[in-house]
Amino acid sequence: MTRRSLRFTIFIYASITLIVIVLLFPFGVALSTAFKDIDEVYSTPPYWMPKRVAVENFTHIWEKYPLAGYFMNSLIISTGATLFATILCIPAAYAFARLRFYGRKTLLFALLVVQMFSPIIVVIALYKIIVRLGLIDTQLSLIIVNAVFTLAFAIWMMNGYFSTIPREVEEAALIDGCSRWQTMFLVTLPIAMPGVVTVVIYTFITAWNEFMFALTFINSTEKRPLTVGLYNFVGRWQVSWQYLMAAALMAVIPVIILFMLIEKQLVEGLAGGAVKG
Amino acid sequence: MEEITVQHPQKSTLWTTESKIAYLLLFPAFAVLLLFMLYPILYVFLMAFFKTNKLGNIVSFIGLGNFEVLFKNKAFWEVTFRSILWTVLAVLSKTVAGIIIALLLNVEFAGRKIYRTLVIIPWASSVPISAMIWQWTFNSEFGLLNQTLKMTGLWDNPPLWLAYPKTAFFANLYVDIWCGIPFMAMVFLAGLQAIPQDIDESAQVDGANAWTRFWRITLPMLRPVLLIATLLSALWTFNDFNVIYILTKGGPINKTDILITFIYKYSFQFLKFGPAAAMAIITFVILLAVSLLYARHYFRSEDV
């Protein structure tokens, strides 16, 4: 590393700190509001530091609003979608990574294209399908659509992971007398566990954050996931922003932590060979 | 001993044992994709050419009728134009900001990892929830954004962001950019780190200054990453439903709608499913074109 001038170092720190302040600004706002009581929230001009730290917001909210229910619903939907997508994606990804078959490249290409489609394009038709299947206003409908719309990318990422496992490992297992199925499930899959974890986190987060399908398919308040449940805070009750911000922070922090675990794999999965050097 | 077919690169034919296993493994995933993705797309295509009732049921064939209705509607053209403007402005801003952040984070300094993590947070956060937080941040009376702008002297008289078409458009745009910057920064950072150091160093030895090195070496070498990232970002930006719907619901008076939010409103608020389907088809064609470009470049970069 070449030696740098002090001015350059200061410049770097100053710039990146400024950028981080700008990027984290709304979270600062959320924190500030989440710890104010209602009078402080609605005082003009607004100010950053709460005069009294209203920690009780974080407990009252569970009593005053069906927040626990929303959390539970999000958990059910995300877990269901994750299981469904993971079970479907592993065999498909294995086939892409390890087997030769007619149409392999075309199908892989199609997955990459499909991955980019906006659900909005099909939501009208999906709505009709969901109604016809008798799944409207059920969490199962969200489990299915969330799994479907994460599946293409999940297969793609898993395929990438399987491809990094040396074939010799499987060949050795085959020579030792394992059947193809045994090799697949007992040898390759355990090695591919980090890839599975990535896919699991990815689908879970995507389903957890999903908003549009939940808004469209769920009518009953008690079946809503967090995103739509919180969205309806704004309309339904007199908006107690301190509660909404407290709930928003609680809803988002676990997701942020999970996301950090897979961020690098996501970047590689999305941008492909161009960033792998 | 079972033959290890994986070893021999041979021309694949349809019904070898290996293909049979492959198709068996692929079947569940693709069955689900066909049923819940391809079938709905075909159904929307069908709807676009039929008259539909308020329940979305197909009534009678009207050919291009839905498209004609759409093309005569001034709002449709406004929204289409806005979608393009939205995408171009947002992708440009995200790209420039992303490159700047990536260049900064590519310098070695103490605490770099922490800064890197902090930069990712807007991306890691849930977009709908971020949009709700932003809605409160933009609040004209009690929001801390305008207060902070005034306090710091950056803007003495900031507008009531979400109240007017123009400012609401920029507020939406800003939030979309904010969500999209971290991904850009991370992709470019990964791209920068893949550039061999010695090229840059030898240019430095030859006396090229930082500015020249950036334009002549760094940027050209980032080209493949730049291409893929901007295409991807264009797709996401064009598809950004959550930010607009939550922040302004496309208002005031549909002046912040883009195609994606307009399709949704047309179907589930105005219950005009036919024109909505026609709009969805137009959007589909645009997205397909960009996705194909993205996938082609991806395949070129990746050895699949």
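To find a chain, count down the sequence lines: A is the first, B the second, and so on, and within it residues start at 1.
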Exercise for the section: Counting only heavy atoms closer than 4.5 Å, note whether B:L118 contacts chain A via side chain, backbone, both or neither. Expected result: both
Practice task
Could you note down all residue pairs passing salt bridge (Lys or Arg N to Asp or Glu O under 4.0 Å) where residues 116-129 of chain B supplies at least one of them, sequence neighbours left out?
Solution key: A:E263-B:R116
Handout entry: Interface moiety of B:L227 toward chain A, non-hydrogen atoms closer than 4.5 Å
Key = neither
Handout entry: Flag for A:T216-B:Y264: side-chain donor and acceptor within less than 3.5 Å
Key = yes
Handout entry: Residue part contacting chain A, namely of B:I246, when any heavy atom lies under 4.5 Å
Key = both
Practice task
Go through the atoms of B:L145 and report whether side chain, backbone, both or neither lie under 4.5 Å from a heavy atom of chain A.
Solution key: both
Problem - Flag for A:Y42-B:E141: side-chain donor and acceptor within less than 3.5 Å - result: no
Problem - A:I90 portion near chain B, given a 4.5 angstrom heavy-atom threshold - result: neither
Problem - Portion of A:L133 that has a non-hydrogen atom of chain B nearer than 4.5 angstrom - result: side chain
Practice task
Check each atom of A:V114 against the heavy atoms of chain B and say whether the ones under 4.5 Å are side chain, backbone, both or neither.
Solution key: both
Problem - 4.5 Å side-chain heavy-atom contact, A:F101 and A:F96 - result: yes
Handout entry: Under 4.5 Å from a heavy atom of chain A, the part of B:M47 involved
Key = side chain
Fill in the blank from the handout: The interface call for A:L215 against chain B, heavy-atom contacts under 4.5 Å, is both
Exercise for the section: Measure B:R112 against the heavy atoms of chain A and call it side chain, backbone, both or neither at under 4.5 Å. Expected result: neither
Exercise for the section: Against chain B, label A:F84 side chain, backbone, both or neither, depending on which of its atoms sit under 4.5 Å from a heavy atom there. Expected result: side chain
Handout entry: Proximal component of B:N146, with respect to chain A [non-hydrogen, under 4.5 Å]
Key = neither
Practice task
Please look at B:F45 and chain A and tell me whether the side chain, the backbone, both or neither of the residue comes under 4.5 angstrom of a heavy atom of that chain.
Solution key: neither
Practice task
Could you check whether the rings of B:W136 and B:F142 sit parallel, tilted or perpendicular, using 30° and 60° as the cut-offs?
Solution key: parallel
Exercise for the section: Calculate, to the nearest 0.5 Å, the distance between atoms CZ and CG belonging to A:F117 and B:L235 respectively. Expected result: 9.5 Å
Practice task
Considering only heavy atoms and a distance below 4.5 Å, find which of A:Y94, A:W208, A:W181, A:F8 pairs most often with chain B.
Solution key: A:W181
Problem - Atom group of B:A110 that falls short of 4.5 Å from chain A, counting heavy atoms - result: both
Practice task
Go through the atoms of B:L288 and report whether side chain, backbone, both or neither lie under 4.5 Å from a heavy atom of chain A.
Solution key: both
Handout entry: Selection from B:M132, B:Q135, B:M279, B:E201 maximising heavy-atom pairs under 4.5 Å formed with chain A
Key = B:M132
Practice task
Please list, chain by chain and in numerical order, all residues satisfying side-chain hydrogen bond (donor to acceptor under 3.5 Å, both in side chains) with B:Y245, sequence neighbours excluded.
Solution key: none
Practice task
Verify the distance criterion only: is there a donor paired with an acceptor across the side chains of A:T206 and A:T150 at less than 3.5 Å?
Solution key: no
Handout entry: Contact winner vs chain B - A:S43, A:A147, A:A251, A:G28, heavy-atom pairs under 4.5 Å
Key = A:S43
Practice task
Please look at A:V255 and chain B and tell me whether the side chain, the backbone, both or neither of the residue comes under 4.5 angstrom of a heavy atom of that chain.
Solution key: both
Exercise for the section: Name the member of B:Y294, B:F284, B:W178 that forms the most heavy-atom pairs with chain A at distances under 4.5 Å. Expected result: B:W178
Completion exercise
Scored by heavy-atom pairs under 4.5 Å with chain A, the best of B:V32, B:T148, B:L189, B:I101 is B:T148
Problem - Under 4.5 Å from a heavy atom of chain A, the part of B:S267 involved - result: side chain
Exercise for the section: Answer with yes or no whether the side chains of B:Y115 and A:T17 bring together a donor and an acceptor at under 3.5 Å. Expected result: yes
